[in-house]
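Notes follow once the structure below has been shown.
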Amino acid sequence: MKTYNHKEIEKKWQEQWKKENLYHAADDSSKPKKYVLVEFPYPSGEGLHMGHLRPFLAGDIYSRASRMNGFETLYPMGWDAFGLPAENFAIKKGVHPKISTAKNIENAKRQLQSWGTSFDWDREINTTDPEYYKWTQWIFLEFYKAGLAYEATGLINWCPKDKTGLANEEVIDGKCERCGTIVEKKEMKQWYLRITEYAEKLLEGLDSLDWPEPIKQQQRNWIGRSEGAEIDFETTYEEKTDFLILHGYTGLPEKNFIPWLKKELESKGYIVQAPELPNSNDPKEEEQVEFVLKNSHIGPNTIIIGHSLGGVVAQKVLVRYGKPISGLILIAPAIDPEFHSAVERPFWKNFTWGFDYDEIIRLTEFRTVLSDLKEEQKRGSYLKFLSEKLKAKLISGESNREHFTAPEEPIILNNVLPKIRVFTTRPDTLFGATYMVLAPEHALVTQLTTQDQKSEVTRYIAKTNEKSELERTALEKEKTGVFTGSYAINPATGQKIPIWIADYVLSTYGTGAIMAVPAHDKRDYEFAKKFELGIVKVVNDEGDRRLPYERDGRLMNSGKYNTISSATARAQMTAEFGIKKVQYKLRDWVFSRQRYWGEPIPIIHCPKCGAVPVPEEDLPVKLPEVEKYEPTGTGESPLAAIDSWVNVKCPKCGGSAKRETNTMPQWAGSSWYWIRYTDPKNDKEFASKKLQQHWTPVDIYFGGMEHTTLHLLYARFWNLFLYDQGHVTAKEPFAKRVPHGIILGPDEEKMSKSRGNVVNPDEIVEKYGADTLRMFEPFLGPHEATVSWNDQGILGVKRFLDKVWRYQRDFEEGDDNNHIHKLVQKITGDIQNFKFNTAVASFMEFLNENKEMSRENWETFLVLLAPFAPHMTEELWHQLGHKDSIHQQSWPKFDERYVRDENVTMVVQVLGRVRASMAMSAGATQEEVRAAALLDPNVKKHLEGKEIVKEIFVQDKLINFVVK
RNA sequence: ACCUGGGUGGCGGAAUUGGUAGACGCGCUGGACUUAAAAUCCAGUUUCCCGCAACGGAAGUACGGGUUCAACUCCCGUCCCGGGUACCA
């Protein structure tokens, strides 16, 4: 017998299988289907590495066994080929990503084939193929049409090295997921996908999935649902604050909302002036301004409120007064005649309409412009213009009356005395809220900051902005913060509580503001201790064994709620003081990347029509050829420099417009690829319903833990959305998920070029052959465990395969079927449970114990081994005279009769300790076993002089004598 | 800190879920074959004690307790290691 020439034999069969298209999955098969998926790789310049081997081999062994078990098995492969490495290579070497990608794909494909994998190459896909990304773009537009893709300016994560924005999920430990650079915050206009809309569905769907619990738990944590309440806290100014209300044209202090507002403010203890301005029916600027300056008190704590023309007067008064005041609130201020939509007013001629906006800003701590619904329709553009000039907060009210002419206008009071809305999971501790904290970025901060505190607050905000996100959290040491000078009213106790700002409150979660309950929250406690704020215990939680600050109990110091349980109080106090609210940690998905090598976002920006989707018939929007791939770093994609591509006609109005120049993140193409495999060449739709119906959902999805809150979350989101739109037939895309552990280098460190501990699969195939690699890799350890590569261990597997090859085949005609049937049972179960390591061990054990066997059993052995060592078994199979492929044989069945042992080893214990073991026939009765056991000299010795008080008998296993 | 997964010979790891702990492989030791080496084959290999030997005894699955006739496996507490999250109100 020749020695096994793996190079020759492996090549021979790989070519033969390809020729026969042995692994093609037929759409029209009558067999039951099985869809086995492995995460498709990024074709990098270094080729596929050991990390790819694990899931690919597991999937391959499983798929091969699945075919032999009578399933029409879909095991496809493709390329997730958009991404930074190809682009960075292009920047460095000037090679177009298309070219380097094609080359890398060719190499990776060669590798996959050299491993003897059984992928159906007829279904190969490539995310960078325009025929593929046409549909990625199409799906994006579906999101857009459903209102789930939107453009917004916000503070996003920015990688300064890759010069692109990142999604929340792509930031690991404050660093860029790809390159490890510390991420910065940057204010940018970006596309977002509204994944938060699907938070609840993504959460619910998990329950139905056959995924390992830790993965589901990790997704749950990432989505981060918490139930609680939103509660409004009224604010109150310092006692010295006073108000000056100026009425408008034809107005009087007795008209409209003014008497009501005055009364409300006075009831809260403020001094309010509402003078009657001279000649209200024919007002003149000079006369009215003079009147106010002469007859009204204005000071540093004054807030001037101007209604309609009173707003104009207010601005003039302020500039003439020339000293800082507290704030300016303009309620539907009269419209500037210069403004293009203005309708002529009789008083125009008596006023000058130039405003010194910068001066007004300088003299006020805050400015607010209020409008209601009708106002907004009629004069919206002016109000917007004015608020931008004044850097004022523009509030649009819900009132449907016009021009604030009703006797009561709650929106005014709400903005004169703004309410702070907080989210809390512990509304039962409301009585213990002794102060409030706003995030430094909170919209009310400027308005609530008093003159005295202004410099300190400004300094604190500046300091916060300097810190990167990493610094802000990683330090996590002392709490910092400053007092705004303002107070809020605790709605339960009616007490004034101070309002602080601190960076331990995040602007991105909840409402960006909290009620602080130091007695029942650790962070609030630390803060209160440091700044000497009040601590009031309101829940008697002794006896609750959970963590401090999470404990429930009976309320105390809580008025009528005293002695009520936390749970009840939560419900009752939510009803009385707020509304129920569910919050999620999940953030919307930042979807723009300022890079070249990705799917262009199919949107056209028109100065008239705004963002317009590219019409479906114009898809795909192809990537243009560029000369420079370099990201600009200014937040613009390199595409922005290609004028011929950027400048287009608006599909809606035909005017000149510009293309969106950002591209999609790498996760886009992989968020639906498994669907495309079912119908990869369809040019009418991304996949036909019929074929989706047939193949999806994926039955088993092999992949890494690192994708739990990235690809796996995104893919579920896209699928759920497409399902809701009626484009996809399976609600959840992946029925079962099988994660794998990573392979470390021989030094137990992560394999990396810089460490020089990379084991290249190509070299192993070259030296030992693919079958050895295929059996050794699983043999390293459990599929889900982290294992380290062991150079020497591979010899054991090599020896085993050599033994198989040299097995002497002058077959016995024996009928000892026990061993082979047990092996069938073991291997079948192990593959089913992804315990490939013990399967390999069982093959070895079997061969060690069966030096000779019948031809039939030998063939069974080879068939079982075929998914693991496809080349050698195929060769041996044909040497036995078979003409068909071993991979098309059906999977052996085991017979219960043979699996059960005829003879068993009975263990005899005395007081639970093994004293003898004896061979007995299976099914021996307790009496028989006892009789035999009592004859054993060693057992006798241990029973001597003792009395048997009890006897435990386990069929075919043991007998245990309990003695005294 | 929280959520997870784990801790078994010199090493990688088994153990049908409460029933002989250490399968299988590596390594190591001894032997056979060989002029020699490689390859291969055979035997041994948790620790300690007794012994010519044994299917003789004791201890042993991170540590400390507990439940049980019987615990790597179940319960309580502690310590380490890996993964995820991170001031999420």
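Ion pairing between A:Asp552 and A:Arg426 holds under the 4.0 Å rule for side-chain N and carboxylate O. Using a cut-off of 4.0 Å between Lys/Arg side-chain N and Asp/Glu carboxylate O, A:Glu227 and A:Lys581 are scored as not salt-bridged. A:Lys185 and A:Glu441 are not joined by a salt bridge, as no carboxylate oxygen comes within less than 4.0 angstrom of a charged side-chain nitrogen. Looking at A:Asp210 and A:Lys736, a side-chain N of the basic residue comes within less than 4.0 Å of a carboxylate O on the acidic one, giving a salt bridge. The pair A:Asp207-A:Arg220 counts as a salt bridge, with a side-chain nitrogen and a carboxylate oxygen less than 4.0 angstrom apart.
Other residues, nucleotides and ligands place more than 12 heavy atoms under 6.0 Å from the NZ atom of A:Lys216.
Rounded to an integer number of Å, the gap from A:Ile959 CD1 to B:A70 C1' is 14 Å. Spacing between atom NE2 of A:His707 and atom P of B:G83 amounts to 17 Å, rounded to whole angstrom units.
Residue A:Lys522 is classed as having no contact, given no heavy-atom separation below 4.0 Å to the nucleic acid. Residue-level contact check: A:Met705 touches neither bases nor backbone, having no heavy atom under 4.0 Å from any strand. A:Asp936 comes within 4.0 angstrom of nothing in the nucleic acid, heavy atoms only. The residue A:His520 sits apart from the nucleic acid: no heavy atom pair falls under 4.0 Å.
Side-chain contact of A:Thr772 with A:Tyr4: a donor-acceptor pair under 3.5 Å is absent, judged by distance alone.
Listed nucleotides: B:U4, B:A89, B:U85. Nearest to the side chain of A:Ile172: B:U85.
Base orientation of B:U67: anti (glycosidic angle beyond 90° from 0). Against the 90° criterion about 0, the sugar-base torsion of B:G9 places it in the syn range.
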Taking only nitrogen or oxygen atoms into account, show me every contact under 3.5 Å that the protein makes with nucleotides 13-21 of chain B, one pair per line with its distance.
residue : atom : partner  : partner atom : Å
B:A14   : OP1  : A:Asn837 : ND2          : 3.0
B:A15   : OP1  : A:Lys835 : NZ           : 3.2
B:G19   : N2   : A:Gln909 : OE1          : 3.3

Could you run down the sub-3.5 Å N/O contacts of the protein with nucleotides 38-41 of chain B?
residue : atom : partner  : partner atom : Å
B:U40   : OP1  : A:Arg799 : NE           : 3.4

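A donor and an acceptor atom sit less than 3.5 Å apart, one in the side chain of A:Lys479 and one in the base of B:C87.
Comparing the P positions of B:C52 and B:A59 gives an interatomic distance of 24 Å, to the nearest angstrom. Rounded to a whole angstrom, the distance from the P atom of B:G60 to that of B:A70 is 14 Å. Nucleotides B:C87 and B:G7 place their P atoms 31 Å apart, quoted to the nearest Å.
Base pairing of B:U85: its partner is B:A1, meeting the Watson-Crick or G-U wobble criterion (both donor-acceptor distances under 3.5 Å).
Proximity of A:Asn938 to the phosphate of B:A54: no side-chain N or O atom is located under 4.0 Å from OP1 or OP2. In this model, the phosphate group of B:A59 is approached by a side-chain N or O of A:Arg913 to a distance below 4.0 Å at OP1 or OP2. In this model, the phosphate group of B:A89 is approached by a side-chain N or O of A:Ser226 to a distance below 4.0 Å at OP1 or OP2.
The 5' end of RNA chain B is approached more closely, in terms of each residue's nearest nucleotide, by A:Asn221 than by the other of A:Arg915 and A:Asn221. Between A:Asn168 and A:Met844, the residue anchored closer to the 5' end of RNA chain B is A:Met844, taking for each the nucleotide with the nearest heavy atom.
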Distance-only donor-acceptor hits, side chain of residues 834-845 of chain A, under 3.5 Å, sequence neighbours excluded:
residue  : atom : partner  : partner atom : Å
A:Thr838 : OG1  : A:Asp830 : OD2          : 3.0
A:Thr838 : OG1  : A:Lys835 : O            : 3.1
A:Ser842 : OG   : A:Thr838 : O            : 2.8

